[in-house]
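The structure appears right after this line, and notes come after that.
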Amino acid sequence: MVTAKKFIEYNIDLVLRDAMALWLAIQSQDEIAVRQLLREFESSYPGGYGKQVTVKTLALLSAEDKEWLRELY
């Protein structure tokens, strides 16, 4: 079984694309896209991958974007 850390090491281009897709979805406040991406990160990749991508993406968000995301959950 591949850990999330190893998966990320070997697939950095995928991680960057996923983070960019999540960032763009949040920027456009597209609730459906954000929920779908987060669900796919956890269901289609090794456990912990979604958390890693999300945490890295959160660092790039404005306070307004973070507040919008908090309102979803």
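This structure is a prediction, so every number in the text was calculated from the model and none was measured.
For the atom pair CH2 of Trp68 and CD of Glu31, the computed distance is 6.5 Å after rounding to the nearest 0.5 Å. Remark: Asp18 CG to Gln52 CD distance equals 13.0 Å, nearest 0.5 Å. Annotation: the span from Gln27 atom CD to Leu22 atom CG amounts to 10.5 Å, rounded to 0.5 Å. Distance check: Asp30 CG to Leu24 CG gives 10.5 Å after rounding to the nearest 0.5 Å. Glu64 CD to Lys66 NZ: the interatomic distance, rounded to the nearest 0.5 Å, is 12.5 Å. The line from NZ of Lys56 to OG1 of Thr54 is 11.5 Å long, rounded to the nearest 0.5 Å.
The minimum heavy-atom distance linking Ile8 with Tyr49 is given by the pair CG1-CD1, 3.8 Å. In terms of heavy-atom proximity, Gly48 sits nearest to Ala4 at C-CB, 3.8 Å.
Remark: the backbone N or O of Ala25 is paired with a side-chain donor or acceptor of Ser28 at under 3.5 angstrom.
Remark: Ile32 CD1 is loosely packed, at most 12 non-hydrogen atoms of other residues, nucleotides or ligands lying under 6.0 Å away. Atom CD of Gln36 has 12 or fewer neighbouring heavy atoms from other residues, nucleotides or ligands inside a 6.0 Å radius.
If you check the side chains of Asn11 and Tyr45, you find no donor sitting under 3.5 Å from an acceptor.
With Ile26 as reference, Leu69 is the one residue of Leu60, Leu72, Leu69, Leu37 to meet the side chain to side chain contact (heavy atoms under 4.5 Å, CB included) rule.
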- Leu14 and Phe7: side chain to side chain contact (heavy atoms under 4.5 Å, CB included), yes or no, with the steps? CA-CA 10 Å; Leu14 177 65; Phe7 183 82; 3.8 Å; yes
